Amino acid sequence: MRTRLAAVVLALATALTGSLLMAPAASATSAGTETAADCERGANGFVDIPDWINGEFVDVTVPGGLIRVELQKGYLNGVLRGWAKILTPNQYGDLVWMDWTRDGGRTWLQCGPFVVTSPNTTKTSAAQRTDPSPDWQFRACGMVNGISSSTRCTAWW
């Protein structure tokens, strides 16, 4: 029980300090005054989407060999957008997020993490519109609950 509680505390601390998940820590905000919270509720052109939505597969990563995180794309209200999605099976506390860059990955905004709140349910990040610029890219990332060394991301797309 104490080990599980420690894992939950670690996962929550990691979620609260999301920029620590991907080095360098300053990269999430070095493009301006943006923060990870700036991807929800319509901020920066992001749109909130339901966790059950399915898009077209772009790329996949398997954090810790235990969870499957996909980068997906699809049309939402007539606009082509990208988002990250954690698939089942998963456990409470597993994390998913999407990194978005406008400068080819030199700096990025981390959208999330979003926490799985019920085992074996899907969870998505907010969705961002695509752009024809080669510098405008996304990647999906995830982490197994409480295991920071399991953090993995897809390639930039």
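Count residues from 1 along the sequence. Predicted, not measured: the structure shown is a model, and the values here were computed from it.
- Residues Y75 and L80 have side chains in contact (heavy-atom distance under 4.5 Å, counting atoms from C-beta outward).
- Shown here for V69 and A140, the closest heavy-atom pair between the two residues is CG1-CB, 3.9 Å.
- Checked for salt-bridge contact, D99 and R139 meet the test: a charged N lies under 4.0 Å from a carboxylate O.
- Annotation for A126 and C111: closest pair CB-SG, 3.8 Å, computed over non-hydrogen atoms.
- Under the 4.5 Å side-chain contact rule for hydrophobic residues, W83 and F114 do not share a cluster.
- The stretch residues 145-157 participates, sequence neighbours left out, in no salt bridge (charged side-chain N to carboxylate O under 4.0 Å, His left out) pair at all.
- D131 meets the side chain to side chain donor-acceptor pair (under 3.5 Å) test with R129; sequence neighbours excluded.
- Clustering ILVMFWY residues whenever any of their side-chain heavy atoms sit less than 4.5 angstrom apart, transitively, puts L109 in the very cluster that holds W157.
- Two residues are said to be in side-chain contact when any heavy atoms from C-beta on lie closer than 4.5 Å; I86 and D94 meet this criterion.
- Summarising the geometry, atom OG1 belonging to T154 is positioned 10.0 Å from atom CD belonging to E70; distances are rounded to the nearest 0.5 Å.
- Judged by distance alone, the side chain of S125 and the main-chain N or O of A84 form a donor-acceptor pair under 3.5 Å.
- The two residues P89 and I67 make their nearest non-hydrogen contact at O-CG2, 4.0 Å.
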Acceptor/donor pairs from residues 52-64 side chains to any protein atom, 3.5 angstrom cut, sequence neighbours excluded:
unit_1	atom_1	unit_2	atom_2	d
N54	OD1	K85	NZ	2.6
D59	OD2	A155	N	3.1

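- Partners of Q128 according to the side chain to side chain contact (heavy atoms under 4.5 Å, CB included) rule, which considers only residues two or more places apart in sequence or in another chain, are F46, R81, M98, W100, W136, F138.
- Between the T101 side chain and the T107 main chain, a donor and an acceptor come within less than 3.5 Å of each other.
- Hydrophobic clustering (ILVMFWY, side-chain heavy atoms < 4.5 Å, transitive): L87 and L66 are in distinct clusters.
- In this structure, CZ on R102 lies 6.5 Å from CG on N44, to the nearest 0.5 angstrom.
- Partners of D51 under the side chain to side chain contact (heavy atoms under 4.5 Å, CB included) rule, at least two apart in sequence or in another chain, are T122, K123, T124.
- Counted by atom type alone, N90 and T88 present zero donor-acceptor pairs between their side chains at under 3.5 Å.
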